[in-house]
There are 2 protein chains.
Amino acid sequence: MDVGKATQELRARGIRLTRQRAAVLTALGRAERGLGPEEILYAARGECPELGLTTVYRALDLLVSLGIARRIHTSEGCATVVGAKAGHGHSVVCLGCGRVAEFSSCDMVSVEKAAATETGFKISAHSLELAGICAECQANGVTAAVVLTVHGD
Amino acid sequence: MDVGKATQELRARGIRLTRQRAAVLTALGRAERGLGPEEILYAARGECPELGLTTVYRALDLLVSLGIARRIHTSEGCATVVGAKAGHGHSVVCLGCGRVAEFSSCDMVSVEKAAATETGFKISAHSLELAGICAECQANGVTAAVVLTVHGD
DNA sequence: GTGCGTGCAAATTCTTTGCAATGCA
DNA sequence: TGCATTGCAAAGAATTTGCACGCAC
C-alpha cells in the first residue's frame, strides 16, 4: 500500500487526515501481513500513543469503504485487513508465514462464463483470494500450511 | 446439497448421526440461500424442537470441516453456511434475493499462473466466490444489488 | 453399557454505541 | 470557530466453554 497515495485520496474526498488515521495507514503500510484490529492498535500506537481501539475499528471501516484497505478471509477469521494497491486487486496469502501480496491480473472472463452457463446467473462481481507459499518461504524450504488456510477450497 | 450422501459420509467416518445433526442437514438441504446459525436453529427446530444453538454451532463446525457444508462471505458477515455438493465447488450469490448456487467448473490455471508470475508465490489453493443476478431475478427485472454484496471486489 | 453428543447457563470475545471533550480545516 | 472525530466506558452481539445428563451405536 502506498501511504502517500492513500492520504491524498483522503484529502481529495475532503476527509480529515487525523493523527489517528495517519497512524493506522502507516501501520497498514508497514505490515507485510494482514493485521487484526488489536494488532493495528498495537502497531499504530508507536506513532499515536493515545489511539483507541474504537477509532481503529472506525478507521478500518472508512478505509475499506474507500478501497484503501481490503479485508481478507482466512480460517482464522475475517476481520483481518491489509492495505490495498490502487484499483482492482486480490490477495495471495502465504501459508507459511502469513505474508500477504497483491496481484491485479485476474482475468476471470472464462471462469465467469462457465459459471454463468452452469448456474444461469448473470455474473457481475467476483471475490477471489489465493493461497500458497511466498518466495522467501520457498527459499527456506517451508512447504506445509502451518498458520493459515483460506476458507472454502 | 444431497442430504442422503451427507448422512452416508457421516456414517462412513464413524460419526454419530444424531437427530440434531440430521435436522441441521435437512435445514441446509432445503434452503436455497445461505443460512446463519440462528436461522438454521429456527429452521431445524421443526424437525427437532429441543435443538440448542450451541449444538448448531458445533454441527456447523463439523459439517464445514468435513466439506459437507461451506461458509460463504458476504458484506453481511461470514458466518453464513450453505450445503455443499460433493467435491470441489464454489458459490454464486444472487445480489437480488440472496439465493446461492454452486458451480464446479473453475479453471483457475491461467489466473493462478498470472498471480504466481506477479507475486513470486507458489499458488496452491484458491478461494472464489461470484455474485450476480439469478435467473429468476433476471426474469423479474431485478437488477440492482439490494441485499448483499460480496467482500473485496 | 460406553462414550460421544447435547442443552443449559455462564464466561469470553468481538464489535458497536452514547456522549462529552478535542482538534483538524 | 464549527463540526467531524476521538476516547472511554458501557451496551450489545456473537461465539465458546464447563458440566451433568441422555442417547446412538
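So that the names make sense, note that chain A is the first sequence line, chain B the second, and so on, each numbered from 1.
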Without decimals, in angstroms, what is the distance between [X] [atom1] and [N] [atom2]?
X       : N      : atom1 : atom2 : value
A:Tyr57 : C:dG18 : OH    : P     : 18 Å
A:Arg11 : C:dC24 : CZ    : P     : 12 Å
B:Arg19 : D:dG22 : CZ    : P     : 13 Å
B:Glu38 : D:dT16 : CD    : P     : 13 Å
A:Arg21 : D:dA4  : CZ    : P     : 11 Å
B:Leu35 : D:dA14 : CG    : C1'   : 17 Å
B:Asp61 : C:dG5  : CG    : C1'   : 14 Å
B:Leu62 : C:dG5  : CG    : P     : 8 Å

[X] versus [Y]: any side-chain heavy-atom pair under 4.5 Å?
X        : Y        : value
B:Arg16  : B:Arg21  : yes
A:Met108 : A:Leu128 : yes
B:Glu47  : B:Arg30  : yes

>> Quick one about A:His90 and B:His126 (side-chain donor to acceptor, distance below 3.5 Å, no hydrogens or angles considered), yes or no?
In response: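 No donor-acceptor contact under 3.5 Å links the two side chains.
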
> Between the base of D:dC25 and the side chain of B:Arg16, is there any donor-acceptor pair under 3.5 Å?
Replying inline: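 No pair found.
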
> Can you find a donor-acceptor pair, distance only, under 3.5 Å between A:Arg58 side chain and D:dG7 base?
Replying inline: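 Flag set: donor-acceptor pair detected.
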
>> Is B:Thr18 close enough to C:dT6 that one of its side-chain N or O atoms is under 4.0 Å from OP1 or OP2 there?
In response: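 For B:Thr18, the contact criterion (side-chain N or O under 4.0 Å from OP1 or OP2 of C:dT6) is met.
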
> In terms of side-chain geometry, is the basic nitrogen of B:Glu39 or B:Arg33 positioned less than 4.0 Å from the acidic oxygen of its partner?
Replying inline: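 Between B:Arg33 and B:Glu39 there is a salt bridge, with a charged N closer than 4.0 Å to a carboxylate O.
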
> Should A:Glu50 and A:Arg45 count as an ion pair when the cut-off is N to O under 4.0 Å?
Replying inline: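 Judged by the 4.0 Å cut-off on N to carboxylate O distance, A:Glu50 and A:Arg45 do not form a salt bridge.
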
>> Just to verify, what does A:Thr7 make a side chain to side chain contact (heavy atoms under 4.5 Å, CB included) with, not counting sequence neighbours?
In response: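 A:Thr7: side chain to side chain contact (heavy atoms under 4.5 Å, CB included) contacts with A:Val3, A:Leu17, A:Leu25.
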
> Listed in order of residue number, which residues of residues 48-55 of chain A have a non-hydrogen atom at under 4.0 Å from DNA chain D?
Replying inline: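 Correct list: A:Glu50, A:Leu51, A:Gly52, A:Thr54, A:Thr55.
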
> How do B:Gln20 and B:Pro37 order along DNA chain D: which one's closest nucleotide is nearer the 5' end?
Replying inline: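 Nearest nucleotide further toward 5': that of B:Pro37.
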
